[in-house]
Enquirer: 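One structure coming up, written as structure tokens, with questions to follow.
Quick note on labels: first sequence line is chain A, next is B, and so on, each numbered from 1. Worth saying up front: this structure is predicted, and the values here are computed from it rather than measured.
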Amino acid sequence: MRYNLPREVRIRKKKEFEAVYNGGRKFSHQLFIAFYLKNSYGYSRLGLTVSKKIGNAVVRNRVKRLIREVFRLNRHELKGNYDIVFNVKKGISNSSFDDVESAFMDLVDFLEKND
RNA sequence: UAAAGUGGUGAGGGUAGACGCUGUAUUUAUGCAGAGGAAAGUCCGGACUCCACAGGGCAGCAGGCCACCUAACAGGUGGGAGGAGUGAUCCUAUGGAAAGUGCCACAGAAAAUAAACCGCCCCAAAAUUUUUUGGGGUAAGGGUGAAAAGGUGGGGUAAGAGCCCACCGGUUAGACGGUAACGUCUGACGCAUGGUAAACCCCCUGCGGAGCAAGACCAAAUAGGAGGACGUUUGAGGCUUGCCCGGCCAAUGUCCUCGGGUAGGUUGCUAAAGCUUCAGGGAAACCUGAUGCGUAGAUGAAUGUCUACCUAAAACAGAAUCCGGCUUACUUGCCACUUUAUGGC
RNA sequence: GGCGGUGUACCCAAGUGGCUAAGGGAGAGGUCUGCAAAACCUCUAUUCAGCGGUUCGAAUCCGCUCGCCGCCU
């Protein structure tokens, strides 16, 4: 099992984001809202949205790195292949790696049960 | 010893392991490099790029003691003047109020061609024993105000007044010193000119406009036009820096050419008015020469996560075309010099 | 990243450097009414986003800072 996160694994285009927003479903959590949509790439992909309301540039970068790191280390836990877009809520700015990881595992459980 | 002031200078984590991200080199598996002192605010100034060439005038904007430095600046260095502080030292959007205009609320007699409310003095009349009325003189006193027409003292006078005198302040002429701002000295003038220019304005100086999301190249889908040359006509319309002049586009005919361009991609993209050390010049900012270094380049946007240890390692904070400044945010050291107070020798 | 605008009470807002900072809505209290509505009266700005400066005097003029909004792909 390799824990890498190359560029193809990220959602980068506006159209792909809109596809997930319009065609996908939602999972709400205290730290974020995750939009997800099954894909046919053979692997799951990650998209991030961190608005200016979350904090200054340093805080926003830290939030994005935390989520990327959690996704990188845990994406093999996902049973299917999904495009997942995280919309971050304000509470995440003070969260630790462990907080985000447990939140991500909640998402994994949710997907297993409901999909 | 205590309290202050000024200047300079340093750090902005490190080591090991595991897993990653961006760039790059080749041997395709590894190596190497990978955020700041403010990367920030976008407040000034440039480089660079494009524009129907950028020309003139008006308007507008910015700056404003003097000299120097700089690619340039609203930056820096030194000096002058004014102000604050016992002092070291610090602060100053520091030209012109005698070109003109405006404003100066309330209060006050009066807020700017000076002026008579109270008061003071003189004269006349009435009344009659201390008042009233009228005419005149007077800016010394009162009170108001942020500000009241040079200040203090003396002489003088009916009472007063630069009316006269001394000192201070001011204006002005000359000489001397200084590159200059300005200063010093001597003389003249009784003094004429209240404040406000971060009010309009005047004077001097500078400014074409936009900005790397600038711009260049490649190029699906879709649409069917696009460009060039020459001639003719009109000055209707549009464009330009806000306006005018000027200029350009334009309309139409003939001929020629085949490209234009959205999504997306490539490029611009990092070697630079660069940094280190030394020497020389200068009072300093800075300049000159030599030596060495070669220093992130992402594009939904890299530089992290976990573990252990060391340490005072906390705070403000994340490159986005690149530089020079300014301003603001913020953690912690070190050094030198100076001042004041108190005590001791 | 670049360029521009804006900030006055709970909301919408007016405001020549000079009075206690207009006005409307909302809210609170009162008058009126058997009770309400309407009408009328009264109240609500510690500091005009914050900090400095100019001025005798600043919401207003100037500088810095902060917040919000818009435009350029």
Side-chain angles (χ1 to χ4, degrees):
Chain A
M1 185 62 67
R2 294 182 50 79
Y3 299 99
N4 61 352
L5 191 71
R7 200 173 274 172
E8 313 84 68
V9 173
R10 301 185 209 159
I11 300 171
R12 295 159 63 207
K13 296 200 168 69
K14 186 184 166 95
K15 278 185 182 171
E16 295 172 339
F17 273 91
E18 281 177 351
V20 175
Y21 286 138
N22 294 327
R25 314 186 65 180
K26 260 202 294 193
F27 168 77
S28 286
H29 189 276
Q30 271 197 321
L31 302 181
F32 53 75
I33 300 171
F35 295 80
Y36 60 93
L37 181 66
K38 279 210 165 183
N39 69 26
S40 53
Y41 288 94
Y43 48 82
S44 291
R45 301 194 303 166
L46 172 69
L48 286 171
T49 302
V50 183
S51 78
K52 259 188 179 172
K53 286 180 186 169
I54 302 302
N56 60 25
V58 172
V59 172
R60 295 202 302 274
N61 272 340
R62 177 185 153 72
V63 166
K64 285 193 268 187
R65 282 170 189 153
L66 273 176
I67 295 177
R68 263 193 228 117
E69 195 67 13
V70 167
F71 185 82
R72 177 176 75 82
L73 295 172
N74 295 293
R75 68 188 171 106
H76 61 276
E77 302 281 350
L78 289 162
K79 299 304 177 206
N81 296 322
Y82 299 93
D83 284 353
I84 305 174
V85 175
F86 288 91
N87 278 21
V88 170
K89 292 187 184 175
K90 225 174 179 178
I92 204 169
S93 50
N94 292 320
S95 302
S96 69
F97 179 81
D98 292 337
D99 295 338
V100 179
E101 189 169 40
S102 69
F104 186 78
M105 294 316 287
D106 289 348
L107 171 64
V108 170
D109 291 345
F110 177 83
L111 287 176
E112 215 168 316
K113 283 178 195 160
N114 292 283
D115 213 70

Enquirer: From B:G304, B:A317, B:C306, pick the nucleotide closest to the side chain of A:F97?
Expert: B:C306

Enquirer: To the nearest 0.5 Å, what is the distance between CZ (A:R60) and OG1 (A:T49)?
Expert: 12.5 Å

Enquirer: Identify the nucleotide, in any strand shown, that forms a Watson-Crick or G-U wobble pair with B:G224, with both distances under 3.5 Å; if there is none, say none.
Expert: none

Enquirer: Rounded to whole angstroms, how far apart are CG on A:N74 and P on B:C306?
Expert: 13 Å

Enquirer: Can you measure A:N87 atom CG to B:G300 atom P for me and round it to whole angstrom units?
Expert: 18 Å

Enquirer: Please determine, for C:A9, whether a Watson-Crick or G-U wobble partner exists with both distances under 3.5 Å, and give it or none.
Expert: none

Enquirer: Who is the Watson-Crick or G-U wobble partner of B:U254, with both distances under 3.5 Å?
Expert: B:A229

Enquirer: For the P atoms, the ones on B:A71 and on B:G34, what distance do you get once it is rounded to whole angstrom?
Expert: 32 Å

Enquirer: Nearest 0.5 angstrom please: A:N81 CG to A:L37 CG, how far?
Expert: 12.0 Å

Enquirer: Between C:C41 and C:C64, how far is it from one C1' atom to the other, in whole Å?
Expert: 47 Å

Enquirer: Take atom CZ of A:R68 and atom P of B:G300, then tell me their distance rounded to the nearest Å.
Expert: 11 Å

Enquirer: Taking the C1' atom of each, how far is B:A296 from B:G10, in whole Å?
Expert: 25 Å

Enquirer: If B:A52 has a Watson-Crick or G-U wobble mate with both distances under 3.5 Å, name it; if not, just say none.
Expert: none

Enquirer: Looking only at side-chain N and O atoms, does A:R62 come under 4.0 Å of OP1 or OP2 in B:G318?
Expert: no

Enquirer: With both distances under 3.5 angstrom, what nucleotide forms a Watson-Crick or G-U wobble pair with C:G4?
Expert: C:C69

Enquirer: From the list B:G300, B:C21, B:A35, which nucleotide is the closest neighbour of the side chain of A:N61?
Expert: B:A35

Enquirer: Could you state the interatomic distance from CG (A:L107) to CZ (A:F32), rounded to the nearest 0.5 Å?
Expert: 6.0 Å

Enquirer: Looking across every strand, which nucleic acid part, if any, lies under 4.0 Å from A:L66 by heavy atom: base, sugar-phosphate, or nothing?
Expert: nothing

Enquirer: Is a donor on one side and an acceptor on the other found under 3.5 Å between the side chain of A:N56 and the backbone of A:V58?
Expert: yes

Enquirer: Determine the interatomic distance between C1' on C:G7 and the same-named atom on C:G15; round to the nearest Å.
Expert: 15 Å

Enquirer: When rounded to the nearest Å, what value does the distance between C1' atoms of B:U205 and B:G95 take?
Expert: 12 Å

Enquirer: Provide the distance between the two P atoms, one in B:A161 and one in B:G142, to the nearest whole Å.
Expert: 14 Å

Enquirer: To the nearest Å, give me how far apart CG (A:L5) and C1' (B:G304) are.
Expert: 12 Å

Enquirer: Quick one: does A:D98's side chain have a donor or acceptor within less than 3.5 Å of a partner on A:S102's backbone?
Expert: no

Enquirer: What about A:R65, does its side chain sit under 3.5 Å from the base of B:C21 through a donor-acceptor pair?
Expert: no

Enquirer: Can you tell me how far P in B:C106 sits from the matching atom in B:G136, rounded to whole Å?
Expert: 31 Å

Enquirer: At 4.0 Å (heavy atoms only), tell me whether A:R60 reaches a base, stays on the sugar-phosphate, or touches nothing.
Expert: nothing

Enquirer: Between B:C21, B:G304, B:G318, which nucleotide gets closest to the side-chain atoms of A:E69?
Expert: B:G304

Enquirer: Rounded to the Å, how far apart are A:R75 CZ and B:U305 C1'?
Expert: 16 Å

Enquirer: Does C:C43 have a Watson-Crick or wobble partner in any strand here, with both distances under 3.5 angstrom, and which is it?
Expert: C:G27

Enquirer: At what distance, to the nearest 0.5 angstrom, does CZ of A:R72 lie from CD of A:E69?
Expert: 4.0 Å

Enquirer: In whole Å, measure the gap between the P atoms of B:A197 and B:C117 for me.
Expert: 35 Å

Enquirer: Is the CD atom of A:E77 crowded by more than 12 outside heavy atoms at less than 6.0 Å?
Expert: yes

Enquirer: Using Watson-Crick or G-U wobble geometry with both distances below 3.5 Å, tell me the partner of B:G102, or none.
Expert: B:U196

Enquirer: B:G183 pairs with which nucleotide, Watson-Crick or G-U wobble, both distances below 3.5 Å?
Expert: B:C176

Enquirer: Nearest of B:C19, B:C21, B:G318 to any side-chain atom of A:R72?
Expert: B:C19

